[in-house]
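What follows is one structure encoded as structure tokens, with my remarks underneath.
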Amino acid sequence: MRTHFSRSAFIEGARDMLPMTVGLIPFGIVCGVGAISVGASPVSALAMSMIIFSGAAQIIATQLLAAGAPFAVVVLSCFVVSLRFLMYSAALAPYLKPVNHRWRNLIAFLLTDQAFASSIRRFRESPDLRGSVSYFVGGGVVLWAAWQIATIAGIVAGAVIPASWQLEFVVPLCFLALLAPLLHERAALIVFVTSAVAAIALDAMPMRLSMICAGMAGIAAGVIADRMSGRGATAESEPGN
Amino acid sequence: MSSPTGCRGAARPRRANLEISQLLIWALIFVVGAINFAARLSFIALFARREMPPLLARALRHVPAAMLTAIVVPAIVFAAPGVLRLDIGNIKLIAALIAGIVAWRWRNTMLTIAVGMVSLWLLQRFVS
């Protein structure tokens, strides 16, 4: 594939990501404030958001630095938090075969919970790969830009948004908006119950390992559910059913 | 990796610690940045030229439901770190249930957010 850009799909992806950015602003601000509080300069605090571009990793890193944890522990914790990206990467991989390496690198750099969740359905259901890639990149770029703006706000102005607004609740709501419609399908319902119970039961695990473990438990339950209903072999060819 | 830097920084007295912290922060940014990018690219690069085993491909169909649940549920059911609240006193749980029903029925992100946030604000105002 020579080019992967479709302007209209890019704009559609960017537009669909806007509600999510509202919820991410408080987290971006927290990352900016947190980095400054552990002694980062404004430039390095912003570089952290520009290069790492992962709220979970940045918040954990600054919390551990503030607690005086050794460098290796901070790095290890950030690595554990990034394990979920392996799953997103694997889930996207089959669709990105015809895409050249520059676009693959760009997609990888912009790969977040939000970008993955909002675009995976389109990759699965749309035959137009160019459109799906552009949609993903459009959302990813908006998210990246919003993340930098929120970080700058945190660096410059501190915690400017009153906690009572609970804006950060928009993030789980956005994920819920993508999750709930999946539950029309029986296998997804089994995945949901398993993953939810595991996430609650394993919450005490260190380094947020509960998230990835609950995810794996849910996936395992889904595979077993497919097997038992005998749909496993055909499930691939009829996504969305 | 640069763990020696960290050890030296930790072993020194406070003032030296502050001087080294800029270097430490930059090292952290690039090391964690590289790890994150590697994790994000991993399987996209690995399966660019080879076939994915069918069992793995089938298992990966469940990634969205499994990971979205693993992210959303803890954000809703824990009132504070480690404090599980599955009763109607947990306003986030109630707001999320209402928003979840709306999302399930109408598949609309903006509507879900609007209903969820308004529910949360109202519950915050009148219940707690």
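Since the model is a prediction, treat every value here as computed from it, not as a measurement. Chain letters run A, B, ... following the sequence lines, proteins first and then strands; every chain starts at 1.
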Could you walk me through whether A/L110 and A/L143 pass the side chain to side chain contact (heavy atoms under 4.5 Å, CB included) test, one step at a time?
CA-CA 8 Å; A/L110 294 173; A/L143 208 65; over 6 Å; no
For chain A, which of B/P81, B/G100, B/A34, B/P74 has the most heavy-atom pairs under 4.5 Å?
B/G100
For A/P19 versus B/I113, what's the shortest heavy-atom pair and its separation?
CB-CD1, 3.4 Å
Which one of A/V171, A/L182, A/L86 has the most heavy-atom pairs closer than 4.5 Å to chain B?
A/L86
Please lay out, stage by stage, how B/M67 and A/D113 fare under the test side chain to side chain contact (heavy atoms under 4.5 Å, CB included).
CA-CA 9 Å; B/M67 288 310 294; A/D113 299 305; 5.8 Å; no
Closer than 3.5 angstrom, by distance alone: can the side chain of A/R121 be matched with the main-chain N or O of A/L178 as a donor-acceptor pair?
no
Which residue out of A/F169, A/F116, A/F192, A/F175 racks up the most heavy-atom pairs below 4.5 Å with chain B?
A/F169
Check whether B/S119 reaches the backbone of B/A95 with its side chain - one donor and one acceptor, N or O, closer than 3.5 Å.
no
Selection from B/N36, B/N108, B/T112 maximising heavy-atom pairs under 4.5 Å formed with chain A
B/N36
Which one of B/V63, B/L46, B/I101 has the most heavy-atom pairs closer than 4.5 Å to chain A?
B/V63
Which of the residues B/F30, B/W121, B/F37 is involved in the greatest number of heavy-atom pairs with chain A at under 4.5 angstrom?
B/F37
Please tell me whether A/T151 and A/S49 have a donor and an acceptor in their side chains that are separated by less than 3.5 angstrom.
yes
Count the heavy-atom pairs under 4.5 Å between each of A/N105, A/L183, A/I120 and chain B, then report the option with the highest count.
A/N105
Using non-hydrogen atoms and a 4.5 Å limit, figure out which bit of A/L176 sits close to chain B: side chain, backbone, both or neither.
both
Residue part contacting chain B, namely of A/A57, when any heavy atom lies under 4.5 Å:
side chain
Only pairs of heavy atoms separated by less than 4.5 Å count here; which of B/A45, B/A75, B/A59 has the most with chain A?
B/A59
Leading residue by heavy atom contact count with chain B [cutoff under 4.5 Å; candidates A/I52, A/L202, A/V191]:
A/I52
If you apply the rule side chain to side chain contact (heavy atoms under 4.5 Å, CB included), what do you find for A/L65 with B/L24, and how did you get there?
CA-CA 10 Å; A/L65 281 179; B/L24 186 91; 3.8 Å; yes
Under 4.5 Å, counting heavy-atom pairs only, tell me which of B/R49, B/K92, B/E51 racks up the most with chain A.
B/K92
Residue B/M110 versus chain A: region with a heavy atom under 4.5 Å:
side chain
Taking C-beta and beyond as the side chain, do B/V77 and A/I200 meet within less than 4.5 Å on heavy atoms?
yes
Is there a donor-acceptor contact under 3.5 Å linking the side chains of B/Q124 and A/S164?
no
Just verifying a value: how many Å separate B/L97 CG and B/I88 CD1, rounded to the nearest 0.5 Å?
11.5 Å
Any idea which of A/H184, A/M87, A/Q58, A/R104 has the most non-hydrogen atom pairs under 4.5 angstrom with chain B?
A/H184
Could you look at B/L84 and say if it's the side chain, the backbone, both or neither that has a heavy atom under 4.5 Å from chain A?
side chain
Tell me, out of A/M50, A/M211, A/R84, who's got the most heavy-atom pairs with chain B below 4.5 Å.
A/M211
Heavy-atom cut-off 4.5 Å, strictly under: side chain, backbone, both or neither for B/L120 against chain A?
side chain
Check for a donor-acceptor pair, side chain of A/S37 on one end and backbone N or O of A/G34 on the other, with a separation under 3.5 Å.
yes
